[in-house]
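First comes the structure, then the notes that go with it.
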Amino acid sequence: MIRPAGVAQGASVPIGDLLIRRGVINQAQLEDALEEQRRGGHTRLLGEVLVSLGLATPEDVMAALAEGYGVPFARLTARLADPRVTETLPREFIESHCVLPLFVVRDVLTIAVSEPANLFLIEEIERLTGKTVQIVAATASDIRATLQAYLPNANVFIIDDIYEDVESSDFSIVEAQVTDLGNLEEVSGQSPVIKLVNFLIYQGVQDRASDIHIEPGDHASRVRCRIDGRLVTKLTPPHQMHPAIVSRIKIMGGMDISERRVPQDGDIHVMVDGRPIDLRVSTMPGRYGEKAVIRIIDSRSAIVPLEKAGFAPEVLALWRDVISSSNGVALVTGPTGSGKSTTLYSALSELSSDELNISTVEDPVEVNIPGINQFPVNEKAGFTFATALRSLLRQDPDVIMVGEIRDTETARIATQAALTGHLVFSTLHTNDAIAAVTRLTNMGIEPYLVAAILRGVLAQRLVRKICPHCKTAYRPDERARDLVTEHLGECPEMYRGEGCARCHGKGYAGRLGVFELFVPQGEALDLIAHEAGAGELRAAALASGFRTLRHDGLRKAAEGLTTIEEVLRVSSL
């Protein structure tokens, strides 16, 4: 049986309050459970009462307890365990105390327990094994089910390893072969380290993370995943494991594990649920060791149909007119991580046909698009954006995508390509669409040429979507209502996420784009050609129907897709 408590030692927040905060129960349900507990003479713990009343599941209760005690909560699978580690404890002890040894790395035993507050049990495990113990919380039913399934008659688990053949597994890795790298390679190749790294990557893909950060510290490492644009702590392995973890990642990425003084980059190719996933690895030396960041590039989410990207219908129709131009330059602007590449890939995918020669120059090529010629730059070899674009013009292209216009030379070649009948896509790092005009002129492109080639500038940001499972209507404060009214003419009912188990208490799940599209026409073209200021150009655009990022975001908030706070976070006036 689960052993939750009302307020356990070491937990600073009562279990009932934690469950309310996680969206599992409400205050009225908590009062009912407390009354039921009182009627029973407090013979049952509050978590047990909530489960018996059907107000919470054992997983809900254990996850809340784990949060209160500051330890990870795990849904147990065979992938997490090393078959040799079960021998560190007697079978009778494992069954009587409902614990599950998972893996050992450098004398640190990670073990799943159903009573995370039982310090005496943890001390007893350390005495029996002679190892330092790190715990994760799991439900007693999960632990016992795993014991029954994988320990029916023996003292070992039969493990369904993540790292198997592509044809029969959820996860597989194609890794570089590295030899003669000494003891660190030997340690990083041991089963617990392999399983841990495989699990981190597998779980990151399943959580739809864009990046995995493995960060060294003086007492422990920290593993964080960027999910929906925000970093979430997943694990805190002991710092003794960190060098082996990073070395394992470097071996997989074909990097040099003997070099730990300079940054390195590498690539890993994996299969998850039968689909290919590309990983970009970056390591950098720091005070406590090397930090590793794994960028997850999932082709399934990298090309999103334009209809599902979050465009308002009128903006989508105008953007399709822009990308269907026979020549000129179409730009997508925004900061790093705002979804510019995804929008460009989606546009190119929509244009792709046997009748068009579409070519891209990228750094690096993130997603392979069938039917499109893609060329990665190699600055060390002198193959830069400018040199690649110059050569590409001799390849008879119809549509060209340049990953980014970074310098004057690239800007000038892109301008020449547009003037000679090509349609050029690219990105710029500007805060809004209007600022792209100023950026091009600052790069040395004459204003009259900017007016001649510019077909449209799409600025975008990504905002988090309200979790549909805990979406709740509310009345915003007066300042927020005035802001919405200023942009939309009225302030309808607004929504936010209360936080629930499905969204891990965040109130958000997934992201969508907010956009502003500037298509220079009429007076705006004259202003660009005569080098008018950004303010004057913006006023003319607004007068002709231009709508800002904030306007688009507030409209999506009014539709119940995101929150006012998210819109204000990513947009300016």
Side-chain angles (χ1 to χ4, degrees), residues 228-229 304-322 332-335 338-340 343 430-436 456-499 503 506-524 534-573:
D228 294 336
V304 179
L306 291 175
E307 295 87 351
K308 297 182 179 180
F311 286 97
E314 65 275 13
V315 176
L316 177 57
L318 198 55
W319 177 239
R320 280 189 162 135
D321 287 342
V322 170
V332 181
T333 75
S338 59
K340 299 188 298 297
T343 298
T430 62
N431 291 327
D432 55 52
I434 303 295
V457 183
L458 182 74
Q460 69 177 75
R461 301 290 190 276
L462 293 176
V463 294
R464 292 180 292 174
K465 294 192 293 186
I466 297 173
C467 173
H469 303 287
C470 58
K471 181 178 178 180
T472 306
Y474 80 105
R475 181 176 173 81
D477 60 35
E478 184 177 355
R479 180 166 173 260
R481 292 199 304 273
D482 289 344
L483 179 64
V484 174
T485 302
E486 177 187 348
H487 282 267
L488 305 183
E490 60 177 344
C491 183
E493 189 174 50
M494 307 301 282
Y495 298 87
R496 63 187 174 194
E498 293 292 330
C503 62
K506 302 296 184 182
Y508 298 97
R511 291 190 291 177
L512 80 160
V514 293
F515 306 92
E516 65 179 31
L517 178 58
F518 173 52
V519 179
Q521 295 172 335
E523 182 185 358
E536 191 177 357
L537 188 56
R538 175 179 289 273
L542 289 170
S544 64
F546 173 73
R547 293 293 179 260
T548 64
L549 279 166
R550 177 162 291 186
H551 179 94
D552 187 50
L554 290 175
R555 183 160 63 173
K556 288 180 170 66
E559 293 171 357
L561 300 175
T562 188
T563 63
I564 296 176
E565 291 77 14
E566 276 293 286
V567 175
L568 297 180
R569 179 178 66 85
V570 303
S571 67
S572 57
L573 294 176

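All residue numbers in this chain count up from 1 along the given sequence.
Contact detail for Gly499 and Cys470: the closest heavy-atom pair is N-SG, 3.2 Å. Shortest non-hydrogen contact noted between Ala534 and Ile434 is O-CG2, 3.8 Å. Annotation for Pro476 and Cys491: closest pair CG-SG, 4.2 Å, computed over non-hydrogen atoms. Closest approach of Ile564 and Ala557 over heavy atoms only: N-CB, 4.2 Å. For the residue pair Leu512 and Gly310, the shortest heavy atom distance occurs at CD1-CA, 4.5 Å.
For Arg550 (side chain) and Ser571 (main-chain N/O), a donor-acceptor pair under 3.5 Å exists by modelled atom type.
By the 4.5 Å heavy-atom criterion applied to side chains, Arg320 and Leu306 are counted as neighbours. Taking the side chain as every heavy atom from C-beta outward, Val322 and Val519 approach each other to under 4.5 Å. Side-chain contact between Val457 and Glu516 is absent, with no heavy atoms from C-beta onward closer than 4.5 Å. Using a 4.5 Å heavy-atom cutoff, the side chains of Arg547 and Leu517 are not in contact. Annotation: side chain of Thr548 is not in contact with side chain of Asp432 (no heavy-atom distance under 4.5 Å).
Ring orientation note: the planes of Phe515 and Phe311 are close to parallel, at an angle under 30° on the 30°/60° scale.
A side-chain hydrogen bond (donor to acceptor under 3.5 Å, both in side chains) check over residues 457-476, counting only residues at least two apart or in different chains, returns the pairs Thr343-Gln460, Arg464-Glu566, His469-Arg502.
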Inset, instruction - Using the side-chain contact (heavy atoms from CB on, under 4.5 Å) rule, take Val570 and Leu462 through it: C-alpha gap first, then chi angles, then the decisive distance, then the call. - result: CA-CA 8 Å; Val570 303; Leu462 293 176; over 6 Å; no

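Between Ser338 atom OG and Leu549 atom CG the span is 9.5 Å, to the nearest 0.5 Å. One distance of note links CZ of Arg481 with CD of Glu490; it measures 13.5 Å at 0.5 Å rounding. With values rounded to the nearest 0.5 angstrom, Leu318 atom CG is found 9.5 Å from Leu316 atom CG. Here CG of Leu554 is found 9.0 Å from CD of Glu486. Values are rounded to the nearest 0.5 Å. We find the CZ-CG distance between Phe518 and Leu458 to be 13.0 Å, quoted to the nearest 0.5 Å. Here Thr562 contributes atom OG1 and Met494 contributes atom CE; the two are 9.0 Å apart, rounded to the nearest 0.5 Å.
Within 6.0 Å of atom CD in Glu478, 12 or fewer heavy atoms from other residues, nucleotides or ligands are found, so the atom counts as exposed in its surroundings.
Between Lys506 and Asp228 there is no salt bridge, since no side-chain nitrogen of the basic residue lies less than 4.0 Å from a carboxylate oxygen of the acidic one.
Here Ala312 pairs with Glu314, Val315, Asp552, Arg555 under the side chain to side chain contact (heavy atoms under 4.5 Å, CB included) rule; sequence neighbours left out.
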